Colleague: 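I have a structure I would like to understand better, so I am pasting it below and will then ask my questions one at a time.
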Amino acid sequence: MLEKNNKMDDIKVLWFTNTPSLAASKLKKKIFGGGWIMSLEKAIKQYSNNVKLSVVFNGDNDEEFCIDGTNYYSVKSLKANRIKRKLFVKKYEQENDDFQLKRYIDIIEKVQPDVIHIHGSEKNYGLVAQHVDVPVVMSIQGLLSVYQYKFFSGIDVVRQAKVKIPRSLFKYYEYYKLRSKRELKMISSINYFFGRTFWDKNITRLINPKSKYFVINRVIRDHFYEINWNKKRDNSNSILLVTTIRDNVYKGFETVLEAAKILKDQNVNFKWKIAGSSSNSILVNMYKKEFQYVKDCVELVGSLKEQELSLLLCQSDIYIQASRIENSPNGLAEAMLIGMPCIATNVGGTGSYISQYKDGILIQDGDPWIMASTINELFINEQLALDIGSNAKKTALKRHDPKLIANDISLAYLEIRNDYHKLKGN
């Protein structure tokens with residue numbers, strides 16, 4: 001392992017990302033999700049002068065431009081009509097992979113990077129590893145190969161008889177299965193990985209036993225470093241809960257509704273706001289009956305901007321993560337960073353983020369009773385909630401320190417470059 005020092009060798013790194021990162025403003029793109037990519041790029045520019053970045057992302061057109069010294073490359077998808085995409089999904093995906101791979105390789109030959117960094121295994125970027133003589137490292141975000149097994153976990157046999165599952169959901173599941181095969185192929189061919197949890201470490205090691213793993217934590221969106229949760233209970237003796245759930249069936253929406261029903265039936269005075277979901281959500285349409293029962297105490301607030309979400313968190317008493325599968329949930333990380341007491345389902349890599357009853361509380365996923373009773377516990381024991389929130393902030397500030405992360409990733413890039421050339425005998 002290279003030792004930390006103030007002066008490091010310059011290194012050219014080519015990113016492949018799911019978002020335009022800091023080019024989003026130029027492209028006038030609204031970004032919901034993936035904010036950690038922007039934050040990491042900012043941290044590297046601020047603290048790691050030796051890293052010279054270029055960024056590839058999927059866009060509407062093939063184009064390249066430079067912003068503040070960073071070159072950005074947009075790569076379009078293969079054009080096809082909607083009928084072809086729907087009826088021949090597998091064929092289109094393969095043709096699009098081949099089409100975009102040629103463009104990726106052209107960019108790599110132009111940039112001549114020392115290291116290629118793939119952000120996530122969801123897209124086809126990792127296919128380049130089999131076609132270039134450059135070390136490739138992949139940051140694990142989620143793992144579709146595992147997610148597909150948990151995809152319908154919120155819909156048991158009894159519920160299937162009651163709930164009308166939309167065809168679009170099955171279509172989405174088919175994409176998961178198809179791209180899972182590609183993901184396994186990519187992970188098997190990449191020898192270096194960045195991760196943050198015991199979950200992503202163990203799974204990548206299982207798929208690719210000879211790979212090297214580096215712990216690289218995430219830089220959270222700027223605003224969450226600047227604010228502090230310090231909400232005091234008012235005289236109304238009510239509690240405000242908050243959860244972030246996007247329109248994915250494995251995010252635990254049904255557990256939230258069931259836990260809300262239990263709290264309501266037990267006469268707990270609460271309001272539960274769900275960010276990321278709206279009244280026209282697939283999930284709301286699937287669980288109309290359950291939602292109708294609790295709609296007086298559960299509010300869907302839709303997608304929120306960074307400042308809007310942070311304000312909601314500061315106004316709330318407890319953050320709840322309800323997912324059936326996660327790796328390192330950003331919503332939980334942000335809530336912990338501002339010092340909120342958090343309850344999270346112990347799934348995937350979430351257990352790496354929380355020390356039980358010290359800086360958060362881990363519960364069984366899909367169990368509305370333990371969710372409701374743990375909420376009630378923190379409602380009754382305000383001091384416990386305050387202590388957990390205070391400890392959560394200390395943990396998160398250390399884990400998500402931008403300067404430390406920028407230094408760690410710079411060292412990792414250098415080690416990967418040197419290790420690769422050593423193995424090649426250069």
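Because the structure is a prediction, the values reported are computed rather than measured.
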Colleague: Would you check if L378 and L384 make a side-chain contact, meaning some heavy-atom pair closer than 4.5 Å?
Modeller: yes
Colleague: How many angstroms lie between atom CD of E306 and atom CG of D222, to the nearest 0.5 angstrom?
Modeller: 6.0 Å
Colleague: Would you call E415-K212 a salt bridge at under 4.0 Å N-O?
Modeller: no
Colleague: Between W15 and H117, what is the ring plane arrangement, given parallel below 30°, perpendicular above 60°, and tilted in between?
Modeller: perpendicular
Colleague: Can you confirm whether the side chains of N381 and E377 place a donor and an acceptor under 3.5 Å from each other?
Modeller: no
Colleague: Between Y147 and F151, is the ring-ring contact (aromatic ring centres under 6.0 Å, His included) condition met? List the steps.
Modeller: CA-CA 6 Å; Y147 280 26; F151 194 92; 9.5 Å; no
Colleague: Applying side chain to side chain contact (heavy atoms under 4.5 Å, CB included), name anything that partners N391, two or more places apart in sequence or on another chain.
Modeller: K358, D359, K394
Colleague: Test your reading of the model: is there a side-chain donor-acceptor pair from S373 to the backbone of I370, 3.5 Å cut-off?
Modeller: yes
Colleague: I'd like to check the ring pair (Phe, Tyr, Trp, His ring centres under 6.0 Å) partners of F291; sequence neighbours left out, ordered by chain and number.
Modeller: none
Colleague: Looking at F65, does the NZ or CZ of K26 lie under 6.0 angstrom from its six-membered ring centre and within 45 degrees of the ring axis?
Modeller: yes
Colleague: Mind running side-chain hydrogen bond (donor to acceptor under 3.5 Å, both in side chains) on N50 and Y413 for me, showing each step along the way?
Modeller: CA-CA 10 Å; N50 67 310; Y413 287 149; over 6 Å; no
Colleague: Got a second to check how far D60's CG is from L27's CG, nearest 0.5 Å?
Modeller: 8.5 Å
Colleague: Exactly one of T243, L241, T244 should register a side-chain contact (heavy atoms from CB on, under 4.5 Å) with Y319. Which one does?
Modeller: T244
Colleague: List the steps, then state whether side-chain hydrogen bond (donor to acceptor under 3.5 Å, both in side chains) holds for Q292 with K295.
Modeller: CA-CA 5 Å; Q292 283 297 316; K295 70 176 184 179; 3.1 Å; yes
Colleague: Given side chains that start at C-beta, do those of V242 and Q315 come closer than 4.5 Å, heavy atoms only?
Modeller: no
Colleague: Of all the heavy-atom pairs spanning V284 and S278, show the shortest one and how long it is.
Modeller: CG2-O, 3.4 Å
Colleague: Short question: side chain of D365, backbone of S323 - any donor-acceptor pair under 3.5 Å?
Modeller: no
Colleague: Between P402 and A43, which heavy-atom pair has the shortest distance, and what is it?
Modeller: O-CB, 3.9 Å
Colleague: Does a salt bridge link E183 with R179, judged by any charged N lying under 4.0 Å from a carboxylate O?
Modeller: no
Colleague: With side-chain contact (heavy atoms from CB on, under 4.5 Å) as the criterion, how do E41 and M38 come out once you've worked through the C-alpha distance, each side chain's angles and the decisive distance to 0.1 Å?
Modeller: CA-CA 5 Å; E41 186 178 352; M38 292 184 183; 5.9 Å; no
Colleague: Ignoring hydrogens and angles, write down the donor-acceptor pairs under 3.5 Å from the side chains of residues 348-355, residues two or more places apart or on other chains.
Modeller:
unit_1 : atom_1 : unit_2 : atom_2 : d
T350   : OG1    : V347   : O      : 2.9
S352   : OG     : F198   : N      : 3.1

Colleague: Begin from the C-alpha positions of N407 and L411 and carry the test side-chain contact (heavy atoms from CB on, under 4.5 Å) through to its verdict.
Modeller: CA-CA 6 Å; N407 190 76; L411 289 167; 3.3 Å; yes
Colleague: Do E64 side-chain atoms and S74 backbone N/O form a donor-acceptor pair below 3.5 Å?
Modeller: no
Colleague: Are L101 and N124 side-chain neighbours, meaning at least one heavy-atom pair lies under 4.5 Å?
Modeller: no
Colleague: Just wondering, do N327 and L143 contact through their side chains at under 4.5 Å, heavy atoms?
Modeller: no
Colleague: State whether K45 and D68 are salt-bridged, where the test is any N-O pair (Lys NZ or Arg NE/NH1/NH2 against Asp/Glu carboxylate O) under 4.0 Å.
Modeller: no
Colleague: To the closest 0.5 Å, what do you measure between CG (L337) and CD (E334)?
Modeller: 8.0 Å
Colleague: Could you tell me which non-hydrogen atom of E254 sits nearest to which non-hydrogen atom of R324, and how far apart they are?
Modeller: OE2-NH2, 2.8 Å
Colleague: Indicate yes or no: does E258 engage K261 in a salt bridge with an N to O separation below 4.0 Å.
Modeller: no
Colleague: Looking at every heavy atom in both F270 and C297, which two are closest together, and how far apart are they?
Modeller: CZ-SG, 3.5 Å
Colleague: Report yes if some heavy atom in the side chain of Y149 is under 4.5 Å from a heavy atom in the side chain of I325; otherwise report no.
Modeller: no
Colleague: Assess the residue pair W229 and L386 against the criterion (side-chain contact (heavy atoms from CB on, under 4.5 Å)); give the C-alpha distance rounded to whole Å, side-chain angles, the decisive distance to 0.1 Å, and a yes or no.
Modeller: CA-CA 10 Å; W229 178 87; L386 293 171; 3.9 Å; yes
Colleague: Please tell me if the side chains of I361 and Q356 come closer than 4.5 Å, counting only heavy atoms from C-beta onward.
Modeller: yes
Colleague: For the pair S189 (side chain) and A129 (backbone), establish whether a donor and an acceptor sit closer than 3.5 Å, ignoring hydrogens and angles.
Modeller: no
Colleague: Would H400 and F224 count as a ring-ring contact (aromatic ring centres under 6.0 Å, His included) if you check the C-alpha gap in whole Å, the side-chain angles of each, and the deciding distance to 0.1 Å?
Modeller: CA-CA 11 Å; H400 303 291; F224 295 93; over 10 Å; no
Colleague: Just do the side-chain hydrogen bond (donor to acceptor under 3.5 Å, both in side chains) check on N228 and K393 with the steps written out, would you?
Modeller: CA-CA 9 Å; N228 291 295; K393 188 171 186 69; 2.9 Å; yes
Colleague: Side chain of D408, backbone of I216: donor and acceptor closer than 3.5 Å?
Modeller: no
Colleague: Should the heavy atoms of other residues, nucleotides or ligands under 6.0 Å from NZ of K201 be counted, would the total exceed 12?
Modeller: no
Colleague: Return yes when atom NZ of K185 has more than 12 non-hydrogen atoms of other residues, nucleotides or ligands closer than 6.0 Å, and no otherwise.
Modeller: no
Colleague: Do L263 and I375 have side chains that get closer than 4.5 Å, going by heavy atoms?
Modeller: yes
Colleague: Give the C-alpha distance, both sets of side-chain angles, the deciding distance and a yes or no for ring-ring contact (aromatic ring centres under 6.0 Å, His included) between F170 and F152.
Modeller: CA-CA 10 Å; F170 287 107; F152 290 109; 5.5 Å; yes
Colleague: If we check ring pair (Phe, Tyr, Trp, His ring centres under 6.0 Å) with Y125, which of these qualifies: Y73, F57, F16?
Modeller: F16
Colleague: When you measure from the side chain of K271 to the backbone of D296, do you find a donor-acceptor pair of N or O atoms at a distance under 3.5 Å?
Modeller: yes
Colleague: Working note: D265 + Y293, criterion side-chain hydrogen bond (donor to acceptor under 3.5 Å, both in side chains); need CA distance, chi angles, decisive distance, verdict.
Modeller: CA-CA 11 Å; D265 291 345; Y293 185 80; 2.6 Å; yes
Colleague: Looking at R399 and R218, would you say the former's side chain and the latter's main chain have a donor-acceptor pair under 3.5 Å?
Modeller: no
Colleague: So N18 and H119, side-chain contact (heavy atoms from CB on, under 4.5 Å) or not? Walk me through it.
Modeller: CA-CA 7 Å; N18 294 344; H119 288 269; 5.9 Å; no
Colleague: May I ask you to decide if I239's main-chain N or O and D317's side chain share a donor-acceptor pair within less than 3.5 Å?
Modeller: no
Colleague: Is E326 salt-bridged to K251, going by a charged N under 4.0 Å from an acidic O?
Modeller: yes
Colleague: Using only atom types and a distance under 3.5 Å, with no angle test, would you say the side chain of K289 pairs donor to acceptor with the backbone of M286?
Modeller: no
Colleague: Between OG1 of T204 and CH2 of W199, what distance do you get to the nearest 0.5 Å?
Modeller: 10.0 Å
Colleague: Do W272 and V294 come within less than 4.5 Å of each other through their side chains, counting heavy atoms only?
Modeller: no
Colleague: Is a donor on one side and an acceptor on the other found under 3.5 Å between the side chain of K12 and the backbone of V111?
Modeller: yes
